[in-house]
Structures are given as C-alpha cells and as structure tokens.
There are 2 protein chains.
Amino acid sequence: MFHALADATRRDIVECVLLGKSTVSSLARRYPMSFAAVQKHVAVLERAELVTKERRGREQIVRANIAAVRDASTVLDHFESLWRSRMERFGDLLAETVASEPGHPRGAAE
Amino acid sequence: MFHALADATRRDIVECVLLGKSTVSSLARRYPMSFAAVQKHVAVLERAELVTKERRGREQIVRANIAAVRDASTVLDHFESLWRSRMERFGDLLAETVASEPGHPRGAAE
DNA sequence: TTAATCTACAACCATATGGTTGTAGATGAT
DNA sequence: ATCATCTACAACCATATGGTTGTAGATTAA
C-alpha cells in the first residue's frame, strides 16, 4: 500500500482515477514515459488494491478503490493517536504546537 | 515518505518511537535482524524526516517527527476529498456505503 | 587500563524496481 | 478485409533495496 503510493506517478494515477474512471491508454498519454511503464504502475496499484481494472472491449477501465486509501489513512491515524496519548501522558499540549517532539523543528514532506 | 513507511519493520520503528524515545540499539534488540539492518531502516526513516537522531554519549536517541506523519496524512486526506467531491457530483451518497466506485466491492489492506 | 557497549561505515548479495524496446493478439473503425 | 487502437507480455538494464558479514572508532563501565 504505502509502497504503491511511494512513486509520484502512481500517486498521480490514483488522483486521476479518483476524479473519474480512466483507461490505461488515457492514463498513459499523461506521462512522459512508455505505455508499458504506465501499465506497470497500474499493475502495482492493482496489486495493492488501490485500483481495479475492468475490460470493456479493447479497453481496460481503471477505477479507484477508496477503501484501500482509507486503510492507509487508518495506519497514519493510529500513529497520530499514539502520539496524542503520549502528549496527554505528558500533560503537555504545548508540545503539539511545535508539531514534533519537544525541542525539535518540523520537517518537510517525503 | 510513503516509501519509508512501506516496510513493516520501519512502521514498527515509527510506532515505537512515537510511544517514546528509543536508542538505535534498543530498537535493534526488537527485531530478528542484524544491528546494521536496523540502522539502515532508521537511516531511511531519518532521510524521510519521520525521525531524528541525537547523539548522547555513545548512544543515538531516536525521536519521532509527527509533522512528517501528518504530511502523509494530508496527501491521503486530499485523495479522500477528491473522492467525496466526486460523490457529491454524482449526488449519490449511497455509493459511499459501498466504499468503492459503484458496482465494485472493497478490497483488503496492503 | 581493559572490557563491554554502542555506533558508523563498507562491501557484498539476491531480489526488486522504474524505466526501456520488442512482439503479438484482440477489439474497433473504416 | 485492412488499418488503427488498445493491451498483454517478455526481455533487458541501471539502480535501489532489505538483508548479510566485517572493520573500526567512540563512549561507558568495571
């Protein structure tokens, strides 16, 4: 799951597909890479169950599976709740504004 | 970020560290692998800014960076909001109980 | 001082990964 | 029927990855 989302192209594919159904070829036209490369990315997402494929004639329709996205969110929410319970044990909600462990600055995304 | 979380050991390390400070060696004792392997995992997490390291004598204290976790959550929340706005465009909130695109069952986690 | 503990770093290895080009079958349009 | 479009699959490649063992320096404990 997280691995599938670790690639920027794949995240973009998920985003596209969440906005509406796509075919593999329409997705392929979006990225500066070979069709086969996009196919591979879709295969990774499919294996992670973030998308499903449905053949319609000569085309494969790619659909999102929001439940799988939510599964990933659940893991992160769990991390957040661990953090919050620890903060409460500290009885120190000030640390929350620092958004990191006390005394440490926040970092940037991936 | 997502890549760093893609490995089960690394997720577990994040969880440990969120619960409280750890040293690299205390983390290493938790997993059935060499110290160097755990070190590598910590290095990946550090590079993704999910943790920071602070030397204290001969030890390295490992601390969580919840802000980075939240950055990942933001991406997933964005996906969720895309999905929701599309559902609203459908004017069909029934689809939400299916938890996937209409006509498709939900999948399992990673 | 010696021994124990902790860590950094390097080299190695089998496997995986994000791309490539190539081949070929199926479907759809003309 | 031919041509265009779409897709599946294979092989390849340079690089990355999750582990290994080995070497060695720094800190701490006895």
Side-chain angles (χ1 to χ4, degrees), chain A residues 1-17 20-65 68 72 75 101 104 109-110, chain B residues 1-17 20-65 68 72 75 101 104 109-110:
Chain A
M1 168 65 56
F2 287 109
H3 164 257
L5 293 172
D7 181 76
T9 301
R10 287 204 289 275
R11 283 198 296 279
D12 197 70
I13 289 171
V14 169
E15 187 157 337
C16 268
V17 172
K21 289 179 298 185
S22 298
T23 60
V24 176
S25 54
S26 67
L27 288 170
R29 282 192 289 269
R30 289 179 54 92
Y31 308 105
M33 65 184 70
S34 66
F35 174 81
V38 175
Q39 232 183 345
K40 275 192 168 184
H41 282 310
V42 172
V44 170
L45 291 169
E46 194 182 15
R47 219 176 305 134
E49 302 189 337
L50 282 158
V51 301
T52 55
K53 292 203 301 186
E54 174 190 2
R55 178 163 284 280
R56 200 174 65 188
R58 68 190 178 185
E59 294 186 309
Q60 287 275 13
I61 309 297
V62 184
R63 300 164 185 260
N65 174 20
V75 173
E101 287 204 359
H104 280 268
E110 184 185 6
Chain B
M1 168 63 59
F2 286 110
H3 165 257
L5 293 172
D7 181 78
T9 301
R10 288 205 288 273
R11 282 198 296 281
D12 196 72
I13 289 172
V14 168
E15 186 157 336
C16 268
V17 173
K21 288 179 297 185
S22 299
T23 60
V24 175
S25 55
S26 67
L27 288 169
R29 281 190 290 269
R30 289 178 56 91
Y31 308 104
M33 65 182 71
S34 67
F35 173 82
V38 175
Q39 232 183 346
K40 277 191 166 182
H41 283 309
V42 173
V44 170
L45 291 170
E46 194 183 14
R47 217 176 307 135
E49 302 187 337
L50 281 159
V51 302
T52 56
K53 291 202 301 181
E54 174 191 0
R55 179 164 283 281
R56 199 174 64 190
R58 68 190 179 185
E59 294 186 310
Q60 287 276 12
I61 309 296
V62 184
R63 300 164 185 259
N65 174 17
V75 174
E101 288 204 357
H104 278 266
E110 184 188 1

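Residue numbers begin at 1 in each chain, while the letters A, B, ... track the order of the sequences.
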Can you check whether [X] has a side-chain N or O nearer than 4.0 Å to OP1 or OP2 of [N]?
X: B:Gln60; N: C:dA8; value: yes
X: B:Lys53; N: C:dA8; value: yes
X: B:Arg10; N: D:dG18; value: yes
X: A:His3; N: C:dT17; value: yes

Mind checking the CG-CG spacing from B:Asn65 to B:Leu45? Nearest 0.5 Å is all I need.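 If we round to the nearest 0.5 Å, B:Asn65:CG and B:Leu45:CG are 11.0 Å apart.
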If you pin A:Arg58 and A:His41 to their nearest nucleotides in DNA chain C, which one's is more 5'?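 Its nearest nucleotide lies further toward 5', so the answer is A:His41.
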Return the 5'-most residue of the pair A:Val44, A:Gly57 with respect to DNA chain C, ranking by each residue's nearest nucleotide.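 Its nearest nucleotide being more 5', the pick is A:Val44.
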A side-chain contact here means heavy atoms from C-beta on lying under 4.5 Å apart; do [X] and [Y] qualify?
X: A:Ser25; Y: A:Arg29; result: yes
X: A:Val75; Y: A:Met1; result: no
X: B:Arg56; Y: B:Thr23; result: no
X: A:Ile13; Y: A:Leu50; result: no

As a test of reading the structure: which of [options] is closest to the side chain of [X], going by heavy atoms?
X: A:Ser34; options: C:dA8, D:dC6, C:dT21; answer: C:dT21
X: B:Gln39; options: C:dG18, C:dA8, D:dT7; answer: C:dA8
X: A:Met33; options: D:dT20, C:dG19, D:dT7; answer: C:dG19
X: A:Ala36; options: C:dG18, C:dT21, C:dA8; answer: C:dT21
X: B:Lys40; options: C:dG19, C:dC12, C:dT7; answer: C:dC12

Could you state the atom-to-atom distance from [atom1] of [X] to [atom2] of [N] in whole Å?
X: A:Phe35; N: C:dT23; atom1: CZ; atom2: P; result: 17 Å
X: A:Asp12; N: C:dG18; atom1: CG; atom2: C1'; result: 16 Å
X: B:Tyr31; N: D:dG19; atom1: OH; atom2: P; result: 11 Å
X: B:Glu46; N: C:dT7; atom1: CD; atom2: C1'; result: 13 Å
X: A:Ile61; N: D:dC6; atom1: CD1; atom2: C1'; result: 11 Å
X: A:Phe2; N: D:dT17; atom1: CZ; atom2: P; result: 17 Å
X: B:Arg55; N: D:dG25; atom1: CZ; atom2: C1'; result: 10 Å
X: A:Glu59; N: D:dA4; atom1: CD; atom2: C1'; result: 13 Å

Using a heavy-atom cut-off of under 4.0 Å over every strand shown, decide if [X] touches base, sugar-phosphate, or nothing.
X: A:Arg56; value: nothing
X: B:Ser25; value: sugar-phosphate
X: B:Ala28; value: nothing
X: B:Arg29; value: sugar-phosphate

End-to-end axis angle, where each axis spans five pairs of the helix from C:dT1-D:dA30 to C:dT30-D:dA1, to 10°: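 Rounded to the nearest 10 degrees, the bend comes out at 30°.
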Below 3.5 Å, can you tabulate the donor-acceptor pairs from side chains in residues 34-42 of chain A to any protein atom, sequence neighbours excluded?
from, atom 1, to, atom 2, distance (Å)
A:Ser34, OG, A:Ala37, N, 3.2
A:His41, ND1, A:Arg10, NH1, 3.1

Check: A:Gln60 side chain, A:Arg55 main-chain N or O, donor-acceptor pair, under 3.5 Å: yes
Quick one: does any side-chain atom of B:Arg63 pair with a main-chain N or O of B:Lys21 as donor and acceptor, under 3.5 Å?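 Side chain of B:Arg63 to backbone of B:Lys21, a donor-acceptor pair under 3.5 Å: no, none is there.
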